[in-house]
Amino acid sequence: MTNTGRLIVLTGPSGVGKGTLLKQLLQHCPDLYLSISATTRPPRPGEIEGKQYYFLTKAQFQDRIDQDQLLEWAEYAGNFYGTLRDPVIQEVNQGHKVILEIELVGARQVRQKVPEAFQIFINPPSWSALETRIRGRGQDSETAIARRLDQAKVELAAADEFDFQLVNDDLDTALQELKAKVLSL
Ligand code: ADP
Ligand code: 5GP
């Protein structure tokens, strides 16, 4: 019998704490696999090629699209982001849970292509908390922050499309909720 894993999508507005939650979740659940996306966004200080992302030029990203190597992709705040299909499929086929941390347009594509994927949405406790977190991260320009906040409104309005929602208010509480849900899948 084939040991089939599970695809899990994690979405939520920029600055809500997806990266923070995932980093801790992976420490608690070492058998989870986090998909490394490709992007045309420039690396932030401290980001490493192949760790947070594969950083590509627009031409390289277009090649991945043309060669049908992406499970999903989207333009977000002026840059392209996409999930490389093969490593994800390989891990799922080996029986692992694979998490995609992706924005709304990509999450919708996965919903169409992989209906059995479980989709989780992370909410902020309030709009002002979200704004404070994006600015507090201190890694995006004012223009990038403004685009992310605009996009956040669109994403928050789509939260009900997801299978499961949680609020990242107290980090430890949100982490426990996320962990319990992921382990239950
Ligand atoms: P995302 O990956 O969703 O864009 P990050 O994980 O980069 O968000 O978090 C954005 C900022 O918010 C970071 O500075 C992080 O330390 C902070 N943060 C994350 N979760 C919480 C929380 N529960 N309470 C307060 N600050 C948080
Ligand atoms: P950031 O630039 O802050 O790292 O990411 C911006 C947005 O792109 C976030 O909402 C993040 O979830 C999303 N993102 C990251 N990788 C992918 C991907 O492979 N596909 C899609 N559709 N979105 C992604």
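In this text the structure is predicted, and so the values were computed from the model without any measurement. The chain is numbered in sequence order, starting from 1.
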(message) Under the side-chain contact (heavy atoms from CB on, under 4.5 Å) test against Leu100, which residue among Ile8, Leu10, Val88, Val114 passes?
(response) Val88
(message) Taking Phe80's backbone N and O only, do any of them form a donor-acceptor pair with Thr39's side chain (distance below 3.5 Å, no angle check)?
(response) yes
(message) With clusters defined by side-chain heavy atoms of hydrophobic residues (ILVMFWY) lying less than 4.5 Å apart, directly or transitively, does Leu34 cluster with Ile89?
(response) no
(message) Quick check for you: to the nearest 0.5 Å, what is the distance between Asp86 atom CG and Leu70 atom CG?
(response) 10.0 Å
(request) Please test Glu91 against Lys97 for salt bridge (Lys or Arg N to Asp or Glu O under 4.0 Å), starting from the C-alpha separation and ending with a verdict. (result) CA-CA 8 Å; Glu91 290 290 333; Lys97 289 175 186 166; over 6 Å; no
(message) So, using side chain to side chain contact (heavy atoms under 4.5 Å, CB included) as the criterion, who are the partners of Arg137 when residues are at least two apart?
(response) Ser14, Arg44, Gln139, Asp140, Arg148
(request) List the atom of Pro87, the atom of Tyr33, and the distance in Å for their closest heavy-atom pair. (result) CB-OH, 3.7 Å
(message) Distance alone, cut at 3.5 Å: any donor-acceptor contact between the side chains of Asp66 and Gln62?
(response) yes
(request) Sorted by first residue and then second, give each side-chain hydrogen bond (donor to acceptor under 3.5 Å, both in side chains) pair with at least one member in residues 114-125; sequence neighbours left out. (result) Arg111-Gln119, Asn123-Gln165
(request) For Asp170, check side chain to side chain contact (heavy atoms under 4.5 Å, CB included) against everything at least two apart and list the hits. (result) Asp172, Thr173
(message) Using the rule that Ile, Leu, Val, Met, Phe, Trp and Tyr join whenever any side-chain heavy atoms are under 4.5 Å apart, tell me whether Tyr53 and Leu84 fall into a single cluster.
(response) no
(message) Regarding Glu72 and Arg85, does a basic nitrogen lie under 4.0 Å from an acidic carboxylate oxygen?
(response) no
(request) Specify whether Phe164 and Phe118 have parallel, tilted or perpendicular ring planes, treating 30° as the upper limit for parallel and 60° as the lower limit for perpendicular. (result) tilted
(request) Can you measure from CG (Leu56) to CG (Asp63) and round to the nearest 0.5 angstrom? (result) 9.5 Å
(message) To check you understand the geometry: which heavy-atom pair defines the closest contact between Ser35 and Val98, and what is its length?
(response) CB-CG1, 4.4 Å
(message) Please determine whether side-chain contact (heavy atoms from CB on, under 4.5 Å) holds for the pair Gln52 and Ile36, giving the CA-CA distance in whole Å, both sets of side-chain angles, and the decisive distance to 0.1 Å.
(response) CA-CA 6 Å; Gln52 285 80 16; Ile36 312 292; over 6 Å; no
(message) I'd like to check Leu183 versus Cys29 (side-chain heavy atoms, cut-off strictly below 4.5 Å). Are they in contact?
(response) yes
(message) Strictly distance-based, threshold 3.5 Å: is any side-chain N or O of Thr11 a donor or acceptor partner for the main-chain N or O of Ile102?
(response) yes
(request) Start with the C-alpha distance between Thr57 and Thr40, add both sets of side-chain angles, then the distance that settles side-chain contact (heavy atoms from CB on, under 4.5 Å), and finish with yes or no. (result) CA-CA 6 Å; Thr57 63; Thr40 62; over 6 Å; no
(request) First locate atom CG of Leu32, then atom CG of Leu22, and finally report the distance between them rounded to the nearest 0.5 Å. (result) 9.0 Å
(request) Return yes if some donor-acceptor pair links the side-chain N/O of Glu49 with the main-chain N/O of Tyr54 below 3.5 Å, else return no. (result) no
(message) Minimum heavy-atom separation for Ala117 and Asp163, please, with both atom names.
(response) O-OD2, 3.8 Å
(request) Determine, for Lys51 against Glu47, whether the closest basic-nitrogen to carboxylate-oxygen distance falls under 4.0 angstrom. (result) no
(message) Quick check on Lys113: does its NZ atom have over 12 non-hydrogen neighbours (other residues, nucleotides or ligands) under 6.0 Å away?
(response) yes
(request) Could you tell me the separation between the CD1 atom of Ile145 and the CD atom of Glu142, rounded to the nearest 0.5 Å? (result) 4.5 Å
(request) Could you check if a side-chain atom of Leu156 sits within less than 4.5 angstrom of a side-chain atom of Pro13, using non-hydrogen atoms only? (result) yes
(request) Kindly give the heavy-atom pair with the smallest separation between Lys18 and Gly12, and that separation in Å. (result) NZ-O, 2.9 Å
(request) Give the minimum heavy-atom separation between Pro42 and Asn79, together with the two atoms involved. (result) CD-OD1, 4.4 Å
(request) Heavy atoms only: give me the nearest Lys153-Trp127 pair and the separation to one decimal. (result) CG-CH2, 3.7 Å
(message) Once rounded to the nearest 0.5 Å, what's the spacing between atom CG of Asp31 and atom CG of Leu26?
(response) 10.0 Å
(message) Tell me if a side-chain donor or acceptor on Glu177 pairs with a main-chain N or O of Ala180 at a distance below 3.5 Å.
(response) no
(request) Flag yes if Leu104 and Leu166 sit in one hydrophobic cluster, no otherwise; membership is Ile, Leu, Val, Met, Phe, Trp, Tyr, and two members link when side-chain heavy atoms are under 4.5 Å apart. (result) yes
(message) Ring-plane angle category for Phe162 and Phe121, please: parallel below 30°, perpendicular beyond 60°, tilted otherwise.
(response) tilted
(request) Give, for atom CG of Leu21 and atom NZ of Lys23, the distance between the pair rounded to the nearest 0.5 Å. (result) 12.0 Å
(message) Can a donor-acceptor pair be found, under 3.5 Å and without considering hydrogens, that links the side chain of Lys179 to the backbone of Leu25?
(response) no
(message) Do Arg133 and Asn168 make a side-chain contact, defined as non-hydrogen atoms from C-beta onward lying under 4.5 Å apart?
(response) yes
(message) If you count every heavy atom of other residues, nucleotides or ligands that lies below 6.0 Å from Gln67 atom CD, does the total exceed 12?
(response) yes
(request) Answer yes if Ile120 and Leu171 sit in the same cluster of Ile, Leu, Val, Met, Phe, Trp and Tyr residues linked by side chain heavy atoms under 4.5 Å apart, and no otherwise. (result) yes
(message) Is it the case that the side chain of Gln109 and the backbone of Trp73 share a donor-acceptor pair, with hydrogens and angles ignored and the cut-off at 3.5 Å?
(response) yes
(request) Is it possible for you to say whether Tyr81 and Leu7 belong to one hydrophobic cluster, with membership spreading through side-chain heavy-atom contacts below 4.5 Å? (result) no
